[in-house]
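Everything on this sheet refers to the single structure shown next.
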Amino acid sequence: MKSIPKYDFKSIEAKWQRYWDENSTFHAEIDHSKPKFYALVEFPYPSAAGLHVGHPRSYTALDVVARKRRLCGYNVLYPMGWDAFGLPTENFAMKNHIHPEVVTRDNVARFKSQLKALGLSFDWQREVNTTDPSYYKWTQWIFLQLYKHGLAYKKEMNVNWCTGCKVVLANEEVVNGKCERCGSEVVHKDKSQWMLKITAYADKLIDGLDGLDFIDRVVAQQKNWIGRSYGAEVNFSTTAGDTLTVYTTRCDTLFGATYMVVSPEHELVKKWLESGVIQNPDEVTAYQAEAARKSDFERTELNKDKTGVCLAGVRGINPVNEQEIPIFISDYVLASYGTGAIMAVPAHDTRDYAFAKKFGLPIVEVVKGQGESNLDKEAFTDVATGTLVNSGFITGLSVEEAKKKMVAWLTETGKGCEKVNYKLRDWVFSRQRYWGEPIPMISCEKCGWQPVPEDQLPLRLPDITDFEPGENGESPLARHTEWVNTTCPRCGGPAKRETDTMPQWAGSSWYFLRYMDPHNENALASKEAMDYWGPVDWYNGGMEHTTLHLLYSRFWHKFLYDIGVVPQPEPYAKRTSHGMILGLNPHSFVNLPAYEQAAMLKEYGSEKAATAALVEKYGEMAEHPVVKMSKSLGNVVNPDEIVAEYGADTMRLYEMFIGDFEKAAPWNTASIRGCKRFLERIWNLQGIVIDGDDYRKELVTPFHQTIKKVTGDIEAMKFNTAIAAMMGLLNQIADTGAITRREYRDLLIMLNPFAPHLTEELFELMGFESPITSQKWLSWDEAKCVESTIQIAVQVNGKVRTRLDVAADISAEDAIAAAKGDARVAAEIAGKNLVKELYVKGKLVNLVVK
RNA sequence: GCCGGUGUGGCGGAAUAGGCAGACGCACCGCACUCAAAAUGCGGCGGAGCAAUCCAUACCGGUUCAAGUCCGGUCACCGGCACCA
């Protein structure tokens, strides 16, 4: 055995990273001679905290796929960039008096060097940054197209208002009714906001999912979020003369409607208050005021206890039986869904039931189930088994039939129609913040809102130094009158710029298009580039982006498709998702040092009591041994330290080996050592290399099997088992005490996507055709994946009694005969009645006796 | 409440399509090497039993020659939505 130098990952990794940079190894250009493969991972928000060990899980996974696909002959585009606008940067800038642009530049530099240290095969020549004016020029351009097509509009909106920061918050910035940042109460306030009409695309966004290769949970969550429901609108006339239209999915229960409810904000209520038909206006306006003051949290948290006020002096008239029924206002009916008004059927809706019980309203049964139901206790809501009763012309029908007949009747009589509704709301697109794309609109007193002419884009952020939000929740830009005051593009008169900026979701809604042609000054990307590279073949990202980023970007892309800007209707052909990397909770009992555990057991008697004490001290979190990493728990793992101590290849391998890729997994620094050992053993194989252009006889099957396994597992994202298979192969090779050059070469190619630096170095050291990046991926021969002799199990009544070595192609008869010939088996079945004998090819023989 | 998912050794996790449960790794134990330790190599490692063998994939039941896997029910945990009519 030759003596070989130590595995010096530091110099090896630096060397190859430099080589890839200098040779632009991963730069992709349009090449029609090869099939293209566009792999995409979510670009990070470059925070001040730097890279988290969670980031590389997704990046390494698609890096493995990208590297393998390149060896398979694909022209691979694997880009990276920065989603750099956003509140944290602005807050950091305010606190430390550094311009957000500078903060962003520093953070990007740090992230970039951290990513480069991991040897990810990104095409850095296509790097994009959402805060770059040459990038946000096109974000603004897309906004203008949306505006010109009637999909962007300004509207007085009920928004979240933080009473502490005195600023408007996005829904995602409100956590349990409190401001995410300062913890103050969040209330509702009317404010004029730019909106994007994503609801116009609700159907397209649902229906478009059908042809896509998205994992099921993403599809389910998107559909759920859009929340399409099929029902009917029913027009109730009122004693005040107006028509009150309601939306219902249960028009079959119309005969059971015993009252109506409208939201406190409903415009008919305003009208009736003004005209004086309401006889208890004080009570009604008091309720309205209280509802407006309530936060979302209060509204939903108290949902068990229904409140409301009956409108005295006005009654609704049920169109099927001309019965007069009372009308209430209550905040359990939302202004923003359906028509903001409902017909209440307490017998068959749990919320209506609760309300009716509280206000002593009649409960009329119109659907009867087959089993027992008790309307004294609860509403009967089962649509599958119900039959209509007490319901005039639909009595006796099933719920489904009754719905159909009722819709027909409503349509015929003009008293209603079929109607589809969505939970999805239009997208509030304004932020009263500095660090975002300025919304390119100008307000003229004479001409109204006018778009900034496209040739004036990008509309740059003015260079200011004070980023505090204004008194009235206005953007900091509003104070900069020299920027705000401008001229109307239409009449040339004095006008003012919009001072709100776009939300962070804007820049990330189209970045994958920019990667295709990142330096284009005349279009967001050239037609040629989009024709060739689009759509993204494989997009991996976190589940937390399913309903916002993923939906928003599909919306923009579908819009761009409809106006002929992009050539494909969907942006992403395939979407997968990785599980989060978690940390150990230092406050959980099982993670305490042994001596502390012992002390606690002594003090509290049992683990359960000890945990209860820990919960008392640290909060509910103490019950969970594995939690999200957080600064406050001190369990954040810094990737830089891991790379410094173990090397990038080990880090990559561990990230892929840690567990099922789609599931969350706890980081365990101790386990990394196994991956390091594996790479060191690969390195040390140098000492036992022998000549040979083939696999040795006993390794033919293991090699073919492993190549097949690794190839399939990479595509199926089963990285952990791909690595396990290679570890198993290495164990088999090591058992022989030698490795042929051919075996070594192929082992390195297989391992290259996971450990690119080490394998490149060894390829060069061994004098193979370096670099690996110019080699071909391995193929396997199905016939050689099976050994000529195999071991089968022999069962008697399903229990294994012995194992036999037989020829792989043994016939069923011969296998069974061999099994019976075995002395132990023969003894077991002697004197018994043989009922059945089975041979499962390559697996086992089962003899059933009685 | 609704939708989706998960439950397998001390731990992370394997187990095409119903066919030998626990691959691969961590931790741990023993041995070798060493003055010693680390590193490395070899062996062991679900539970009970001297053993043959029996028990074991959250729990209860079913289908089957055969169930971690399929069916019915229960429990627990995770993620999303949540007064959406």
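Within every chain, numbering begins at 1; the chains are lettered A, B, ... in the order of the sequence lines, protein sequences first and strands thereafter.
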Would A:K306 count as a cation-pi partner of A:F355, with NZ or CZ less than 6.0 Å from the six-membered ring centre and within 45° of the ring normal?
no

Taking 4.0 Å as the cut-off, does a side-chain nitrogen or oxygen of A:H624 come that near to OP1 or OP2 on B:C77?
no

How should the glycosidic conformation of B:G9 be described, syn or anti, under the criterion that syn lies within 90° of 0?
syn

For nucleotides B:G47 and B:U74, find the distance between their P atoms and express it as a whole number of Å.
34 Å

Out of B:C20, B:A27, B:A15, minimum distance to the side chain of A:Q795 belongs to B:C20

Can you tell me how far C1' in B:A39 sits from the matching atom in B:U34, rounded to whole Å?
11 Å

Can you identify which nucleotide, out of B:C26, B:C83, B:C20, has its nearest atom closest to the A:Y332 side chain?
B:C83

Closer than 4.0 Å, any side-chain N/O of A:R801 to the OP1 or OP2 of B:C20?
no

Expressed in whole Å, how much space separates the C1' atoms belonging to B:G25 and B:G19?
27 Å

Considering only atom P, compute the distance from B:C3 to B:G68 and round it to an integer number of Å.
29 Å

Look at all strands and tell whether A:K718 reaches a base, only sugar-phosphate, or nothing, counting heavy atoms closer than 4.0 Å.
sugar-phosphate

What does B:G19 pair with, Watson-Crick or G-U, if both distances are under 3.5 Å?
B:C65

With a 3.5 Å limit on both atom pairs, tell me what B:U74 is paired to, counting Watson-Crick and G-U wobble, or say none.
B:A58

Let's test this: given Watson-Crick or G-U wobble pairing with both distances under 3.5 Å, identify the partner of B:A48.
B:U53

A:R425-A:T199 side chain donor-acceptor pair, cut-off 3.5 Å
no

Listed nucleotide nearest any side-chain atom of A:M727, set B:G25, B:A14, B:G19
B:G25

Looking at the side chain of A:Q221, which of B:G13, B:G80, B:C81 is the nearest nucleotide?
B:G80

Taking the six-membered ring for Trp and the single ring otherwise, decide whether the centroids of A:F719 and A:F657 are under 6.0 Å apart.
no

Round to a whole Å and report the spacing from CD1 of A:I723 to C1' of B:C24.
10 Å

Could you give the NZ-to-C1' distance, from A:K6 to B:U40, as a whole number of Å?
13 Å

Side-chain-base donor-acceptor pair under 3.5 Å for A:R673 and B:C26:
no

Any side-chain N or O of A:R677 under 4.0 Å from OP1/OP2 of B:A27?
yes

Taking OP1 and OP2 of B:A85, is either one under 4.0 Å from a side-chain nitrogen or oxygen of A:Y337?
yes

Any strand counts, and the cut-off is 3.5 Å on both contacts for Watson-Crick or G-U wobble. Which nucleotide pairs with B:C11?
B:G25

Kindly indicate whether the side chain of A:K306 and the base of B:C83 share any N or O donor-acceptor pair separated by less than 3.5 Å?
yes

Just how far, in rounded Å, is C1' of B:G12 from CG of A:L584?
11 Å

Rounding to the closest angstrom, what is the interatomic distance between B:A66 and B:C75 at atom P?
29 Å

Closest to side chain of A:D349, choosing from B:C65, B:A85, B:C83
B:A85

For B:A82, the nucleotide meeting Watson-Crick or G-U wobble distances (both under 3.5 Å) is none

What integer number of Å spans the P atoms of B:G13 and B:C26?
16 Å

B:A52 and B:G46: how far apart are their P atoms, nearest whole angstrom?
15 Å

hbond_proxy A:N846 side chain to B:C65 base (donor-acceptor, 3.5 Å cutoff):
yes

Run the salt bridge (Lys or Arg N to Asp or Glu O under 4.0 Å) check on A:D8 and A:K6 step by step: do they pass?
CA-CA 6 Å; A:D8 177 11; A:K6 207 170 154 271; over 6 Å; no

Which value, in whole Å, describes the distance between the P atoms of nucleotides B:A67 and B:G62?
12 Å

Distance from A:I816 atom CD1 to A:L847 atom CG, nearest 0.5 Å?
7.0 Å

With a sphere of 6.0 Å drawn around NZ of A:K784, does it hold more than 12 non-hydrogen atoms of other residues, nucleotides or ligands?
no

Ranking B:U40, B:C78, B:C20 by distance to the side chain of A:L844, first place goes to B:C20

